[in-house]
Amino acid sequence: MAKKNKKNKSCFQKKKGKFFLFLESMVRFFYGKKEFVGLENIPDEACVIVGNHSQIHGPLTAELLFPKKKYIWLIGHMMSAKEIPAYAMEDFWPYKPKSTRWFYKIVAHVIAPLFAYLHRNADGIGVYKDMRIMNTFKQSVTGLKEGAHIIIFPECHTPYNEIVNEFQDNFVDVARLYYKSTGKEINFVPMYNAPKLKKVVFGKPIKYNANAPVEEHKKEIRDELKQAITNLAKELPVHTVVPYANIKKKDYPKSK
């Protein structure tokens with residue numbers, strides 16, 4: 001039995017400590033439940049799930065409530081207490097007025113140790129914008145081989161429509177590297193987070209075609225996923241969309 005457990009253990013996922021599990025259970029209790037719709041669209045075999053970030057709700061829902069084995073792409077800077085303050089000001093609070101930025105800088109330094117601890121212990125794979133991204137892809141392929149789903153929130157600050165922002169470029173390369181390692185073409189599954197409705201909706205899978213031109217196919221998949229997520233949102237009752245950017249709540253868009 002011991003040998004079997006050792007074989008099935010991930011080569012990069014650390015065992016969660018008791019303190020982290022306690023914090024996770026407390027956050028899960030106060031965060032509450034969500035309805036998962038369309039789980040039948042997630043293949044039994046490993047796949048890549050791509051969703052709207054919805055500020056903290058996307059990663060938080062994935063970590064706390066996603067009912068299958070998964071690894072979540074998390075910003076690598078959030079795993080380092082030293083790097084969190086600068087990243088937080090650049091990505092979390094870039095739109096805060098100059099008169100209050102000093103306050104948020106203090107907050108960023110205060111939360112840094114706890115946030116770094118939480119990110120290091122979550123079911124996460126660190127993502128970077130330098131050569132360390134190769135390790136991100138390597139770990140992702142390892143996770144897929146384990147039968148886990150990789151969950152990615154690839155939005156950037158550039159708007160696409162009222163539902164989702166533009167996607168960053170290279171996450172589709174996970175499929176190419178997985179095919180190179182296994183000979184298998186993997187599926188991408190669109191996911192829409194609707195925090196105001198307490199729903200998470202999954203759409204039909206989009207299969208990677210290893211024979212298609214690489215760069216063109218990457219763009220095709222990115223565009224198909226953005227549109228699929230948009231369609232999932234618009235099929236729901238009209239609701240307030242929680243956007244990628246941390247803006248004032250009165251400026252949150254409507255789904256229709």
Side-chain angles (χ1 to χ4, degrees), residues 23 26-35 37 50-65 72-79 81 83-116 118-119 122 124 127 129 151-168 190-201 222 225-256:
L23 290 177
M26 292 296 293
V27 175
R28 185 182 294 110
F29 174 79
F30 287 105
Y31 190 58
K33 296 181 180 180
K34 289 190 178 182
E35 180 184 2
V37 180
V50 179
N52 60 315
H53 208 293
S54 196
Q55 296 179 16
I56 196 174
H57 294 285
L60 196 61
T61 299
E63 172 66 25
L64 298 177
L65 303 175
I72 309 160
W73 274 25
L74 300 174
I75 297 299
H77 301 296
M78 294 300 295
M79 297 179 179
E83 296 181 49
I84 284 177
Y87 182 80
M89 295 307 299
E90 176 186 340
D91 198 76
F92 295 173
W93 303 308
Y95 305 113
K96 297 300 180 183
K98 290 183 179 180
S99 59
T100 62
R101 287 183 67 82
W102 64 270
F103 171 76
Y104 287 97
K105 286 181 180 179
I106 294 174
V107 171
H109 281 86
V110 171
I111 66 173
L114 177 61
F115 272 47
L118 294 175
H119 278 76
V127 181
K129 295 182 180 180
I151 302 179
I152 301 177
F153 303 98
E155 285 178 278
C156 63
H157 283 287
T158 305
Y160 174 66
N161 59 25
E162 74 278 13
I163 304 297
V164 67
N165 278 10
E166 290 287 355
F167 285 176
Q168 299 184 54
M191 173 178 69
Y192 176 64
N193 291 280
K196 298 298 183 180
L197 298 178
K198 298 188 180 299
K199 289 180 182 289
V200 180
V201 187
R222 290 197 305 266
L225 286 166
K226 285 185 297 186
Q227 191 56 52
I229 292 170
T230 298
N231 293 341
L232 290 172
K234 291 183 178 295
E235 288 167 2
L236 293 171
V238 176
H239 60 280
T240 298
V241 177
V242 179
Y244 173 79
N246 189 4
I247 60 177
K248 294 179 180 179
K249 290 185 178 180
K250 67 180 182 64
D251 295 328
Y252 286 6
K254 291 290 185 180
S255 60
K256 292 183 180 179

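Predicted model only: the values in this text are computed from it and were never measured.
- For Leu114, the side chain to side chain contact (heavy atoms under 4.5 Å, CB included) test picks out Leu23, Leu118, with sequence neighbours left out.
- Here salt bridge (Lys or Arg N to Asp or Glu O under 4.0 Å) pairs that include residues 229-247, with residues two or more places apart or in two chains, are Glu162-Lys234.
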Please step through side-chain contact (heavy atoms from CB on, under 4.5 Å) for the pair Gln168 and Lys129, ending with a clear verdict.
-> CA-CA 11 Å; Gln168 299 184 54; Lys129 295 182 180 180; 3.9 Å; yes

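- Scanning for side chain to side chain contact (heavy atoms under 4.5 Å, CB included) contacts around Val27 gives Leu60, Leu64, with sequence neighbours left out.
- Looking at Phe167, Trp73, Phe153 one by one, the single match for ring-ring contact (aromatic ring centres under 6.0 Å, His included) with His53 turns out to be Phe153.
- Counting only heavy atoms from C-beta outward, the side chains of Val241 and Tyr192 approach each other to under 4.5 Å.
- Under the side chain to side chain donor-acceptor pair (under 3.5 Å) criterion, His57 pairs with Tyr31, sequence neighbours left out.
- In the displayed structure, Lys256 atom NZ is contacted under 6.0 Å by more than 12 heavy atoms of other residues, nucleotides or ligands.
- Under a 3.5 Å cut-off, the side chain of Asn193 and the backbone N or O of Asn52 do form a donor-acceptor pair.
- For Phe103, there are no ring pair (Phe, Tyr, Trp, His ring centres under 6.0 Å) partners at least two apart in sequence or on another chain.
- Between Thr240 and Lys254 there is a side-chain heavy-atom pair separated by less than 4.5 Å.
- Applying the side chain to side chain contact (heavy atoms under 4.5 Å, CB included) rule to Phe92 yields the partners Met78, Tyr87, Ala88; only residues at least two apart in sequence or on another chain are considered.
- For residues 94-110, there are no salt bridge (Lys or Arg N to Asp or Glu O under 4.0 Å) pairs, not counting sequence neighbours.
- For the pair Leu232/Pro190, a side-chain contact is recorded, criterion being any heavy-atom separation below 4.5 Å from C-beta on.
- Remark: Glu166 engages Lys226 in a salt bridge (charged side-chain N to carboxylate O under 4.0 Å, His left out) (not counting sequence neighbours).
- Taking NZ of Lys199 as the reference point, atom OG1 of Thr61 lies at 13.5 Å (rounded to 0.5 Å).
- The ring pair (Phe, Tyr, Trp, His ring centres under 6.0 Å) search around Tyr160 returns none, not counting sequence neighbours.
- In terms of the side chain to side chain contact (heavy atoms under 4.5 Å, CB included) criterion, residue partners of Pro85 (sequence neighbours excluded) are, by chain and number, Ala108, His109, Ala112.
- Looking at heavy atoms from C-beta onward, Leu65 lies out of side-chain contact with Lys33 at the 4.5 angstrom threshold.
- Each salt bridge (Lys or Arg N to Asp or Glu O under 4.0 Å) pair with one or both residues in residues 244-253, not counting sequence neighbours, would appear here, but there are none.
- The CG atom of Asp91 lies 10.0 Å from the SG atom of Cys156; values are rounded to the nearest 0.5 Å.
- Contact of the Pro94 side chain with the Met89 side chain is not registered, since no non-hydrogen atoms from C-beta on lie closer than 4.5 Å.
- The local environment of CD1 in Ile106 is crowded, with over 12 non-hydrogen atoms from other residues, nucleotides or ligands closer than 6.0 Å.
- When every heavy atom of Ala122 is checked against every heavy atom of Glu63, the shortest pair comes out as CB-OE1, 3.5 Å.
- The two residues Pro159 and Asn165 come nearest to each other via the heavy atoms CA-OD1, 3.6 Å.
- Here the shortest heavy-atom pairing between Ser255 and Ala233 reads CB-O, 4.3 Å.
- Here the NE2-NZ distance, from His239 to Lys196, works out to 11.0 Å after rounding to the nearest 0.5 Å.
- The ring pair (Phe, Tyr, Trp, His ring centres under 6.0 Å) search around His157 returns Tyr244, not counting sequence neighbours.
- Side chain of Trp102 to backbone of Ser99: a donor-acceptor contact under 3.5 angstrom is found.
- Remark: Ile75 CD1 to Glu83 CD distance equals 11.0 Å, nearest 0.5 Å.
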